[in-house]
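Accompanying notes for the structure given below.
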Number of protein chains: 2
Amino acid sequence: MARTAGRPPRSKAEILEFRSKIGKHALEIYRAEGFEAVSMRRLAKAVGCAPMTIYAHFDGKTDILRYLWADVLTDMSSDIAEKLKSVAGPSERLQSASHSFIAYWIDHSDHFRLVFMSNDVTRADVSTFLMGEDTLAHFLMFSDLIREVHPEEHDVKMSTDTLISGLIGIALCMNTMPDYPWADATSMTNQLLLSIIV
Amino acid sequence: MARTAGRPPRSKAEILEFRSKIGKHALEIYRAEGFEAVSMRRLAKAVGCAPMTIYAHFDGKTDILRYLWADVLTDMSSDIAEKLKSVAGPSERLQSASHSFIAYWIDHSDHFRLVFMSNDVTRADVSTFLMGEDTLAHFLMFSDLIREVHPEEHDVKMSTDTLISGLIGIALCMNTMPDYPWADATSMTNQLLLSIIV
DNA sequence: ATAATATTTGGAACGCGTTCTATATTAATG
DNA sequence: CATTAATATAGAACGCGTTCCAAATATTAT
């Protein structure tokens, strides 16, 4: 498999660098002017390349959004961790994290829509929410908290998944259907936690 | 307040008729060719009017989508009711409805995206999911089922809201993040029900 | 240098949701 | 009839995500 003539493919480092450069600019625009401003043409102008060049490095726009997701999730995690510092007991810590989780997504409904509602029907590809190891970690933090509550044998995975999806559901409902008089977010979270803490 | 000269405004009946006519065509297109095919220009062609005329009757596309939501929710309700026929016990009925609810949204992920993820970031208006009385009824059915389980005094509203949002959350997660190895949907639903049935 | 290959670029194009403007068309009052 | 107001229509325009294509450019082996 001797190298043939011609320009060699970019190294993986080059590809990653270009991708993260675009991601960085996308992040800047999103934070400064919101999601509407993050367009392919605008992004190309910011990064200093032709609009079409981006398509050589990304599958499409949703592919770029992952960089925004990662940033938002990191922000959320540090928010939860910050409030968690002053909490001691195992079940209290789980409760605190859950309430912080909900509070974050309600206080930042634009972020919520970005992360959980960006790959919708309008997009043809319906690309899935691809979770990397790092992205996953932001959610799996709940596993550790649940384990602290249940040191004995216990189906931690199922409890974690139920809690996470339940919390996301509460945030989704309160964000997208604000006209409906939902019960208090704190109360609903506590009720949901009943199924985990027992 | 004597009527001035000029053409009178359309009657409310006329307005409603035109709206439902458009809604009907939107429904036909959606069912036949999926969401991508439902475009304003296409819709105008189907209904036989100019594309701009629609904007005189609707705030925008999301406003039209409500007709699709209503149809999908009706479909879901009858699906749940059908499976509920053969179930007797109060808690068994609540479980059945919950599992049917989840199953429906997983079997029809396109419908799920349409109903719960259509007003996303990409749309500028971020119009909220406006629930009419009829739309609401499809969800409030869970209240009755919970009441059957808890004849004594019990915060039915909070239980209902927690259950509904939790179920929607499970559906959202499994639909949008299929790569993550979520726990079994049935198991998660049962776990969620633990917090309601106690 | 020359040839070969990878990549970037520019521009046009498509359909989309949406806004705007100018021009009918309709149906009432005077 | 003419006037007047509500509505409908046509068409252009904007920016969007995306696809296609031809031309230019960069980098390597020969």
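A, B, ... follow the sequence lines: proteins, then strands. Residue 1 opens every chain.
- Regarding A/Glu17, its CD atom lies at a distance of 15 Å from the P atom of C/dT7, rounded to whole Å.
- Rounded to whole angstrom, the span from the CG atom of A/Asp63 across to the P atom of D/dG17 amounts to 14 Å.
- With the end axes of the helix from C/dA1-D/dT30 to C/dG30-D/dC1 each set by five pairs, the angle from one to the other reads 20° at 10° resolution.
- The distance from atom CD of B/Glu14 to atom P of D/dA8 is 9 Å, rounded to the nearest whole Å.
- Contact annotation: B/Tyr55 does not reach the phosphate of C/dT19 (side-chain N/O to OP1 or OP2, under 4.0 Å).
- Taking atom CD1 of residue B/Ile64 and atom C1' of nucleotide C/dT18, one finds them 12 Å apart after rounding to whole Å.
- Remark: C1' of C/dT7 and CD1 of A/Ile54 are 15 Å apart, rounded to the nearest angstrom.
- Between B/Ser39 and the phosphate of C/dC16, there is a side-chain N or O to OP1/OP2 separation shorter than 4.0 Å.
- Between A/His111 and A/His108, the ring-plane angle classifies as parallel under the 30° and 60° cut-offs.
- Residues meeting the salt bridge (Lys or Arg N to Asp or Glu O under 4.0 Å) test with B/Lys24, sequence neighbours left out: B/Glu28.
- Within a heavy-atom distance below 4.0 Å of DNA chain D, the residues of residues 40-50 of chain B found are B/Arg41, B/Cys49, B/Ala50.
- Note on B/His57: a side-chain N or O is less than 4.0 Å away from OP1 or OP2 of D/dA8.
- The distance from atom CG of B/Asp59 to atom P of C/dT18 is 10 Å, rounded to the nearest whole Å.
- In this structure, B/Asp184 has no salt bridge (Lys or Arg N to Asp or Glu O under 4.0 Å) partners at least two apart in sequence or on a different chain.
- Relative orientation of the A/Trp105 and A/Phe101 rings is perpendicular, given thresholds of 30° and 60° on the angle between their planes.
- Judged by distance alone, the side chains of B/Tyr180 and A/Asp161 do bring a donor and an acceptor atom under 3.5 Å apart.
- Evaluation of the salt bridge (Lys or Arg N to Asp or Glu O under 4.0 Å) rule for B/Glu92 yields no partner, not counting sequence neighbours.
- Of the charged side-chain nitrogens involved, at least one lies within less than 4.0 Å of a carboxylate oxygen, so that B/Arg42 and B/Glu33 count as a salt-bridged pair.
- Take B/His25 and apply the ring pair (Phe, Tyr, Trp, His ring centres under 6.0 Å) test, not counting sequence neighbours, and it matches no residue.
- Toward the 5′ end of DNA chain C lies the nearest nucleotide of A/Ala56, the other residue of the pair A/Met52 and A/Ala56 mapping further downstream.
- Summarising the geometry, the separation between CD on B/Glu36 and P on D/dT18 is reported as 12 Å, rounded to the nearest angstrom.
- Residues A/His99 and A/Asn190 bring a donor and an acceptor atom of their side chains to less than 3.5 Å of each other.
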